[in-house]
Amino acid sequence: GSEMCIRDRITVSSGIEFADYQRAYDEILRQLEAVQKGELEDWELDGARSTLLNAYASMGDSQGKLENFYLGQIAAGVEETPEELAAALEQVTKERIVAAAQTVKPDTVYFLRGKEEA
């Protein structure tokens with residue numbers, strides 16, 4: 001069957017107010033720890049899979065989406081097409097997600113701020 005490679009990085013983005021930074025950081029780590037312990041519901045896996053499959057399926061509808069996808073693939077040094085990723089996604093199990101999550105360690109945190117309005 002198809003195998004999805006485990007990448008060496010994941011990114012979490014969160015739109016928050018600066019004052020909420022610590023609360024958001026703690027919650028992100030709490031959720032990661034829950035997945036590492038196998039606390040992942042079937043509906044969460046099904047929802048994530050469905051969202052990604054829909055995104056891959058709709059890429060062909062937009063030249064801009066395809067360009068951004070392939071630029072991201074080049075930057076990450078990978079070559080899978082949306083179709084190949086969708087096929088591999090079908091093989092992902094809860095057990096594989098938990099195993100991958102157990103290898104994740106926080107590395108870099110940064111906060112982007114815009115100019116404060118007068």
Side-chain angles (χ1 to χ4, degrees):
S2 236
E3 288 292 321
M4 180 173 274
C5 297
I6 296 175
R7 304 287 178 229
D8 61 355
R9 292 189 185 121
I10 64 170
T11 300
V12 177
S13 297
S14 180
I16 60 168
E17 293 294 327
F18 186 73
D20 295 329
Y21 164 78
Q22 190 62 51
R23 190 163 46 122
Y25 179 81
D26 292 345
E27 178 61 18
I28 290 165
L29 290 185
R30 187 198 66 73
Q31 290 182 22
L32 172 61
E33 184 178 344
V35 175
Q36 290 171 331
K37 292 177 180 176
E39 298 170 5
L40 178 66
E41 301 293 333
D42 289 341
W43 67 266
E44 292 173 302
L45 176 55
D46 292 341
R49 186 189 327 269
S50 176
T51 297
L52 287 170
L53 288 173
N54 286 336
Y56 293 147
S58 70
M59 276 188 194
D61 299 338
S62 165
Q63 184 66 30
K65 284 183 185 178
L66 276 175
E67 288 173 0
N68 285 336
F69 172 80
Y70 283 110
L71 284 173
Q73 294 294 85
I74 291 167
V78 294
E79 298 178 1
E80 291 95 345
T81 66
E83 295 79 14
E84 290 169 333
L85 288 172
L89 186 58
E90 295 288 358
Q91 306 302 314
V92 175
T93 64
K94 178 180 175 179
E95 293 74 23
R96 291 179 69 192
I97 292 170
V98 170
Q102 290 173 350
T103 69
V104 175
K105 303 278 185 278
D107 182 271
T108 303
V109 176
Y110 62 92
F111 195 90
L112 300 177
R113 277 177 89 161
K115 285 188 171 183
E116 299 294 332
E117 298 212 17

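All residue numbers refer to positions in the sequence shown, counting from 1. Just the heavy atoms: all of them, side chains too, but no hydrogens, waters or symmetry mates, feed the values below. Keep in mind that what you see is a predicted model, and the values were worked out from it rather than measured.
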As a quick check of understanding, evaluate side chain to side chain contact (heavy atoms under 4.5 Å, CB included) for Thr81 and Tyr56, giving each step before the final call. CA-CA 9 Å; Thr81 66; Tyr56 293 147; over 6 Å; no
Is there a side chain to side chain contact (heavy atoms under 4.5 Å, CB included) between Leu45 and Trp43? Walk through the geometry before answering. CA-CA 5 Å; Leu45 176 55; Trp43 67 266; over 6 Å; no
- Under the side chain to side chain contact (heavy atoms under 4.5 Å, CB included) criterion, do Glu79 and Glu84 qualify, and how do the steps go? CA-CA 9 Å; Glu79 298 178 1; Glu84 290 169 333; over 6 Å; no
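Checked options Asp42, Leu40, Asp46; the residue passing with Glu44 is Leu40 (criterion: side-chain contact (heavy atoms from CB on, under 4.5 Å)).
Gln102 CD to Ile97 CD1: the interatomic distance, rounded to the nearest 0.5 Å, is 12.0 Å. The distance from the CG atom of Leu89 to the CD atom of Glu80 is 12.0 Å, given to the nearest 0.5 Å. The structure places CZ of Phe111 at 9.5 Å from OH of Tyr21, a figure rounded to the nearest 0.5 Å.
For the pair Phe69/Leu85, a side-chain contact is recorded, criterion being any heavy-atom separation below 4.5 Å from C-beta on.
Nearest heavy atom pair, residue Met59 against residue Pro82, reads SD-CG, 3.8 Å. Here the closest heavy-atom approach between residue Pro106 and residue Tyr25 is recorded as CB-OH, 4.4 Å. The minimum heavy-atom distance between Gln91 and Arg96, with the atom names listed, is O-NH1, 3.3 Å.
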Identify all side-chain donor-acceptor contacts of residues 29-36 below 3.5 Å with residues at least two apart in sequence or on another chain.
residue, atom, partner, partner atom, Å
Arg30, NE, Glu27, OE1, 3.0
Arg30, NE, Glu27, OE2, 3.3
Arg30, NH2, Glu27, OE2, 2.7
Gln31, NE2, Glu27, OE2, 2.8
Glu33, OE2, Lys37, NZ, 3.1
Gln36, NE2, Ala101, O, 2.8
Gln36, NE2, Val104, O, 3.4

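Atom CZ of Arg23 sits in a sparse spot, with 12 or fewer heavy atoms from other residues, nucleotides or ligands closer than 6.0 Å.
Without hydrogens or angle criteria, Asp20 side chain to Ile16 main chain gives no donor-acceptor distance under 3.5 Å.
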